[in-house]
Amino acid sequence: PRFEFDHATLPGFTEQMRRIHMEAGARVLHASTRRPTADVRHALGLTRAEQVHQILRARSANGEPIVLEEAFVPAAVFPRLLSADLTGSLYALMRDYGAAPASADEHVEAIRADDRQAEILGVPPGSPVLLVTRTSFAEDGTAVEFSRDYHRSDRARIRITSKVEDPASSPARPARGRTTAR
């Protein structure tokens, strides 16, 4: 069976597993503080001089690896975070700092697992994985997390709840691409 990940709200992996009565696990593969790459710096709104904590973890459900998480959080917002136990909920740790994610901008796309991702997830290289790229924001609008989550596509399903927007109450959006009938 596939695990359903609800992206209509913003629960972390640990909470999602708890909801479906699975034991969430995390194996920390790498954790360091460094200067971010340009894409991470841009997503988090940081300057070139600021640093991030990079945390790479293999997440499991009942011992089976199903998600490879690569998270970046601003070091200035979360000092000494890497000295905490990183095998549990990262969002719970962020709450302890008073900067838990309250909203997020997420993108989902299918990609092929490279050799390292495949090895960690226990799938053949080149297998399809669902990549969820997310920038999370605290209640005050500060970007507090940029992450890339690689979900095994044979074990994961992403659920998104949508609703129709009231055109009268939404801001005008510029038209994207035009098609013309002939």
Side-chain angles (χ1 to χ4, degrees), residues 5-16 24 26-59 65-84 86-114 116-118 120-121 128-153 156 158-162 165 170-171 173-174 176-177:
F5 292 90
D6 182 1
H7 283 245
T9 60
L10 198 56
F13 179 87
T14 303
E15 178 58 30
Q16 296 231 24
R27 182 168 52 103
V28 178
L29 306 169
H30 175 83
S32 66
T33 303
R34 63 184 190 87
R35 290 191 184 194
T37 59
D39 61 331
V40 173
R41 187 174 64 245
H42 176 74
L44 293 173
L46 301 176
T47 66
R48 289 180 190 261
E50 293 179 284
Q51 294 193 322
V52 293
H53 299 307
Q54 177 186 12
I55 303 163
L56 185 67
R57 307 187 298 174
R59 300 306 309 262
I66 58 172
V67 179
L68 172 60
E69 290 180 345
E70 181 181 31
F72 300 88
V73 298
V77 178
F78 304 103
R80 298 174 305 286
L81 178 72
L82 299 186
S83 63
L86 300 175
T87 61
S89 170
L90 187 57
Y91 283 3
L93 290 173
M94 294 167 82
R95 271 193 297 278
D96 292 344
Y97 282 88
S103 64
D105 182 23
E106 298 181 293
H107 300 268
V108 181
E109 62 184 299
I111 65 167
R112 295 197 178 279
D114 65 23
R116 183 162 190 244
Q117 294 160 351
I120 293 165
L121 292 172
V129 294
L130 297 173
L131 169 59
V132 178
T133 305
R134 174 179 46 259
T135 303
S136 300
F137 302 91
E139 194 67 43
D140 67 359
T142 301
V144 292
E145 173 201 29
F146 175 74
S147 65
R148 295 181 193 99
D149 297 344
Y150 302 88
H151 294 257
R152 282 181 52 175
S153 64
I158 307 292
R159 181 167 64 98
I160 302 168
T161 303
S162 302
E165 225 177 339
S170 63
R173 295 183 184 185
R176 289 189 177 186

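For the single chain, residues carry numbers from 1 onward in sequence order. Source: prediction; values computed, not measured.
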For a quick test of reading the model, state the closest non-hydrogen atom pair linking [X] to [Y] and the distance between them.
X	Y	answer
Ala71	Ser147	CA-CB, 4.0 Å
Arg59	Ala26	NE-CB, 3.3 Å
Ala102	Glu139	CB-OE1, 3.4 Å
Ala100	Arg95	CB-CG, 3.2 Å
Ala156	Leu130	O-CD1, 4.2 Å

Could you grab the distance from atom [atom1] of [X] to atom [atom2] of [Y], nearest 0.5 Å is fine?
X	Y	atom1	atom2	result
Met94	Phe78	CE	CZ	3.5 Å
Thr33	Arg80	OG1	CZ	11.5 Å
Ile111	Leu131	CD1	CG	4.5 Å
Arg134	Ser103	CZ	OG	12.0 Å
Leu56	Arg27	CG	CZ	9.5 Å
Glu106	Thr133	CD	OG1	9.5 Å

### Message
Counting neighbours of CZ on Arg34 that are heavy atoms of other residues, nucleotides or ligands and sit closer than 6.0 Å, is the number greater than 12?
### Response
yes
### Task
State whether the number of non-hydrogen atoms from other residues, nucleotides or ligands found under 6.0 Å of Gln51 atom CD is greater than 12.
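Count over threshold, so yes.
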Distance-only criterion, 3.5 Å: show the donor-acceptor pairs between side-chain atoms of residues 38-46 and protein atoms not counting sequence neighbours.
from  : atom 1 : to     : atom 2 : distance (Å)
Asp39 : OD1    : Thr37  : OG1    : 2.4
Asp39 : OD2    : Arg148 : NH2    : 2.4

### Query
Is there a side-chain contact between Pro79 and Tyr97 (heavy atoms, below 4.5 Å)?
yes
### Message
Is the shortest side-chain heavy-atom distance between Gln117 and Ile120 below 4.5 Å?
### Response
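The answer is no; the side chains never approach within 4.5 Å.
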### Task
Applying side-chain contact (heavy atoms from CB on, under 4.5 Å), run through Tyr91 and Glu145 and close with a yes or a no.
CA-CA 10 Å; Tyr91 283 3; Glu145 173 201 29; 2.8 Å; yes
### Query
Taking the side chain from Arg57 and the backbone from Gly88, do they hold a donor-acceptor pair closer than 3.5 Å?
yes
### Task
Carefully, step by step, assess Ser153 and His151 under the rule side chain to side chain donor-acceptor pair (under 3.5 Å).
CA-CA 6 Å; Ser153 64; His151 294 257; over 6 Å; no
### Query
After noting the C-alpha distance and the side-chain angles of Val28 and His30, does the key distance pass the side-chain contact (heavy atoms from CB on, under 4.5 Å) rule?
CA-CA 6 Å; Val28 178; His30 175 83; 6.0 Å; no
### Task
List the steps and the verdict of side chain to side chain donor-acceptor pair (under 3.5 Å) for Glu69 and Tyr150.
CA-CA 6 Å; Glu69 290 180 345; Tyr150 302 88; over 6 Å; no
### Query
Hey, mind stepping through Asp149 and Leu68 against side-chain contact (heavy atoms from CB on, under 4.5 Å) and telling me if it holds?
CA-CA 6 Å; Asp149 297 344; Leu68 172 60; over 6 Å; no
### Task
Start with the C-alpha gap between Val144 and Thr135, add the side-chain angles, then the distance that decides, and say whether side-chain contact (heavy atoms from CB on, under 4.5 Å) holds.
CA-CA 8 Å; Val144 292; Thr135 303; over 6 Å; no
